[in-house]
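Keep in mind the model is a prediction, meaning the values are calculated, not measured.
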Amino acid sequence: MKFLFVAATAIATASAFTTSPAAFTTSVPQVGGVSDVFSQEGNAHRNRRSTIVMDGKANAIRDRIATVNNTKKITSAMKLVAAAKVRRAQDAVLATRPFSETLQSVFGGLINRLGGEAADLPLLTQREVNKVTLVSITGDRGLCGGYNSFMIKKTEARFNELTAQGIECDLILIGKKGISYFTRREYPIRATYDCTQNPDSKQALSISEEIINSFLSGETDAVELLYTKFLSLISSTPSVRTLVPFSASEISQKGDEVFQLTSENGDFGVERKELDVAEPQDFPNDMIFEQDPLQIVNSILPLYLNGQILRTLQESVASELAARMQSMQSASDNAGALSKQLSQEYNRARQASVTQEILEIVSGATALEG
């Protein structure tokens, strides 16, 4: 009987460290019930779960692993969405190419026909610069790495540079991030516009009208455009160019380039293609125009400005999406690395818990034997 009592006590002590519901029940063996005691022990081991983790630290790690894996799924999906939008921006740029080429060809032909007379047009006239309007293009949303911050810093640096030279400046802001930043700091703002993910000619027209009206009315002497030049999926450069007044030689002699999103072995890439300058259209000297050629050129210039603004909006959106793709890829990689690290910590905690339980069982049995 003494042997049975000691054995039952040891089994009850061992069962106290199990995770099965039966581990917290007690049983009193009957006289001569040695077989019942060992059968209960076998049932307890059969009901014992494979993972024995009872401490809060291991459970917290397990919950964090699940959270990190869910975050990785979200960032991977956002990367694919951004890739699809980059392709849409690419198609939009290609769709505007025929109009741009025709406009450049006609303008070049008219400039050759008019010669020096075109220099008298208001939009081509260079004048003393006392005030400059900066047109800055940022994004409406975040999660795109340093895209917005780089453009804001570029705009701020250019503003301070011109102000230090004694030139008055004001801003035309495109994109909610830039609007929010410069509004809080009370910069002089002429107009604000949202930068959508799918810019169209209507949006570009409203911006170009504001620029032309400001220049022709004498409210500003020059307009500079600050945008992000799209180079590749991992590289974009903040750039500055003068919009108004125009340069006739630049319009008629400047080439263009287009980009195309590609994929190889599951990795995205970009191919850029340089396009030649459109050949000037030939207008014979004996050709009679229904309107004065100067009026035709004066009507073409706003269309050219509208096309240039639309193109820079599309290029800025492509740069933002590429930055978001890269940012989401980095986030997914970091989430994978963190999940692997947490899994190792979880396994160590689980093994430590199992080892601790075994030590407690052995110590209890040793104490009873003593």
Side-chain angles (χ1 to χ4, degrees), residues 121-142 144 146-196 199-229 236-248 250-251 298 301-317 319-320:
L121 292 174
L123 291 176
L124 295 176
T125 303
Q126 302 284 339
R127 58 196 187 200
E128 184 181 358
V129 178
N130 296 316
K131 184 174 182 180
V132 175
T133 297
L134 302 179
V135 182
S136 177
I137 302 177
T138 59
D140 285 344
R141 295 184 294 175
C144 51
Y147 170 79
N148 291 315
S149 61
F150 289 158
M151 197 69 256
I152 289 173
K153 290 178 181 178
K154 184 74 172 180
T155 304
E156 203 169 24
R158 183 58 177 166
F159 183 93
N160 294 332
E161 179 184 354
L162 293 174
T163 304
Q165 297 175 6
I167 300 175
E168 186 180 355
C169 293
D170 60 5
L171 302 174
I172 295 178
L173 302 175
I174 305 172
K176 293 180 180 179
K177 291 297 182 179
I179 294 172
S180 175
Y181 180 88
F182 290 106
T183 301
R184 288 198 304 267
R185 288 157 180 80
E186 298 182 353
Y187 278 77
I189 299 175
R190 177 179 295 274
T192 60
Y193 303 90
D194 290 341
C195 182
T196 62
D200 53 16
S201 58
K202 183 178 180 181
Q203 180 184 6
L205 179 61
S206 61
I207 299 172
S208 62
E209 286 179 347
E210 176 66 29
I211 293 173
I212 291 176
N213 293 336
S214 299
F215 181 78
L216 294 180
S217 63
E219 297 178 7
T220 186
D221 300 315
V223 179
E224 294 183 358
L225 176 64
L226 295 93
Y227 69 105
T228 306
K229 184 175 179 60
S236 297
T237 305
S239 304
V240 182
R241 56 176 295 190
T242 300
L243 279 180
V244 180
F246 296 108
S247 171
E250 180 181 354
I251 296 176
N298 201 32
L301 290 176
L303 294 177
Y304 175 78
L305 177 62
N306 187 22
Q308 289 299 301
I309 292 177
L310 178 59
R311 175 61 185 272
T312 53
L313 286 174
Q314 293 169 342
E315 194 161 354
S316 295
V317 169
S319 300
E320 177 187 357

Notebook entry, point to check: Judged by atom type as modelled, is there a donor-acceptor pair below 3.5 Å linking the side chain of Asn130 to the main-chain atoms of Gly166?
Noted result: no
Next item on the list: With the side chain counted from C-beta on, respond yes when Leu123 and Leu216 share a heavy-atom pair under 4.5 Å apart, and no when they do not.
Entry: yes
Next item on the list: Indicate yes or no: at least one non-hydrogen side-chain atom of Thr125 is less than 4.5 angstrom from one of Pro245.
Entry: no
Margin query: Would the distance check show the side chain of Thr220 and the main-chain N or O of Lys131 forming a donor-acceptor pair, the cut-off being under 3.5 Å?
Written below: yes
Notebook entry, point to check: Just how far is it from atom CG of Leu205 to atom CG of Leu303, taken to the nearest 0.5 Å?
Noted result: 9.0 Å
Notebook entry, point to check: Is the side chain of Asn148 donor-acceptor paired with the backbone N or O of Thr138 at a distance under 3.5 Å, no angle test?
Noted result: no
Check: Which residues pass the side chain to side chain contact (heavy atoms under 4.5 Å, CB included) test with Phe159, sequence neighbours left out?
Finding: Leu134, Thr163, Cys169, Leu171, Tyr187, Pro188
Next item on the list: Can you measure from OG (Ser208) to OH (Tyr304) and round to the nearest 0.5 angstrom?
Entry: 13.5 Å
Notebook entry, point to check: Are any side-chain N or O atoms of Asn306 and backbone N or O atoms of Pro302, one a donor and one an acceptor, separated by less than 3.5 Å?
Noted result: no
Checklist line | Qualifying residues under side chain to side chain contact (heavy atoms under 4.5 Å, CB included), relative to Arg127, sequence neighbours excluded | finding: Phe215, Asp221
Margin query: Ser136: which residues meet the side-chain hydrogen bond (donor to acceptor under 3.5 Å, both in side chains) condition with it, sequence neighbours left out?
Written below: Thr155
Next item on the list: Return the minimal non-hydrogen interatomic distance between Ser206 and Tyr193, and the atom names on each side.
Entry: O-OH, 3.5 Å
Check: Is there a side-chain contact between Leu225 and Ile137 (heavy atoms, below 4.5 Å)?
Finding: yes
Next item on the list: Give a yes or no on whether Glu186 atom CD has more than 12 heavy-atom contacts from other residues, nucleotides or ligands under 6.0 Å away.
Entry: no
Next item on the list: Could you check if a side-chain atom of Met151 sits within less than 4.5 angstrom of a side-chain atom of Lys177, using non-hydrogen atoms only?
Entry: no
Note to self: Taking salt bridge (charged side-chain N to carboxylate O under 4.0 Å, His left out) as the cut-off, I'd like each qualifying pair that reaches into residues 200-209, sequence neighbours left out, listed once.
What the structure shows: none
Checklist line | Validation row: Val317, Pro199 side chains within 4.5 angstrom (heavy atoms) | finding: yes
Margin query: Nearest 0.5 angstrom please: Lys153 NZ to Glu156 CD, how far?
Written below: 9.5 Å
Margin query: With rounding to the nearest 0.5 angstrom, report the OG1 to CD distance, Thr196 to Gln203.
Written below: 4.5 Å
Next item on the list: Please identify each residue that fulfils side-chain hydrogen bond (donor to acceptor under 3.5 Å, both in side chains) with Glu161, with sequence neighbours left out.
Entry: Arg158
Item checked: Tyr227 and Val135: CA distance, side-chain angles, deciding distance, side chain to side chain contact (heavy atoms under 4.5 Å, CB included) verdict -> CA-CA 8 Å; Tyr227 69 105; Val135 182; over 6 Å; no
Checklist line | From OH (Tyr147) to CD1 (Ile152), nearest 0.5 Å | finding: 10.5 Å
Notebook entry, point to check: How about Ile211 and Ser214: do any of their side-chain heavy atoms sit closer than 4.5 Å?
Noted result: no
Next item on the list: With sequence neighbours left out, write down each residue that passes side-chain hydrogen bond (donor to acceptor under 3.5 Å, both in side chains) with Ser316, or none if nothing qualifies.
Entry: none
Checklist line | Approximate separation, where rounding is to 0.5 Å, of Thr312 OG1 and Ile174 CD1 | finding: 7.0 Å
Item checked: Test side chain to side chain contact (heavy atoms under 4.5 Å, CB included) applied to Thr183 - qualifying residues, sequence neighbours left out -> Ile179, Ile189
Margin query: Just to verify, what does Thr228 make a side-chain hydrogen bond (donor to acceptor under 3.5 Å, both in side chains) with, not counting sequence neighbours?
Written below: none
Check: Which residues pass the side chain to side chain contact (heavy atoms under 4.5 Å, CB included) test with Ser180, sequence neighbours left out?
Finding: Arg184
